[in-house]
Amino acid sequence: MEIKHGLLLEHAKKNKTHYKKIIEIIDQDRNSKDELMTAGYTEDEAFKTLFILNGAFLSILAGK
């Protein structure tokens with residue numbers, strides 16, 4: 001796991017502009033946390049759920 005983690009960090013270091021653009025896209029979505037909280041999630045749960053969802057999104061992008 002440590003080797004994979006290190007490789008991911010190296011990839012992120014070399015592709016900073018790419019990840020900054022993705023972060024900008026994610027930051028534009030201000031309604032999702034509120035929608036999750038309306039659906040019964042706590043603020044902490046909503047944040048973590050979005051983190052997981054966005055992580056899955058990044059995983060798909062990294063695989064392409």
- Task: Determine which pairs satisfy salt bridge (charged side-chain N to carboxylate O under 4.0 Å, His left out) with at least one residue from residues 13-23, sequence neighbours left out, and list them in order.
- Result: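 Every salt bridge (charged side-chain N to carboxylate O under 4.0 Å, His left out) pair that includes a residue of residues 13-23, provided the two are not neighbours, is Glu10-Lys13.
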- Can Leu53 be reached from Met37 by stepping across I, L, V, M, F, W or Y side chains whose heavy atoms are under 4.5 Å apart?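 They do not share one cluster, since no chain of ILVMFWY contacts under 4.5 Å joins Met37 to Leu53.
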Quick one: list whatever passes side-chain hydrogen bond (donor to acceptor under 3.5 Å, both in side chains) with [X], sequence neighbours left out.
X     : answer
Ser32 : Asp29
Asp44 : Lys48
Glu35 : none
Thr42 : Glu45

- Note on the structure: Sorted by chain and residue number, the side-chain contact (heavy atoms from CB on, under 4.5 Å) partners of Asn15 (sequence neighbours excluded) come out as His11, His18, Tyr19
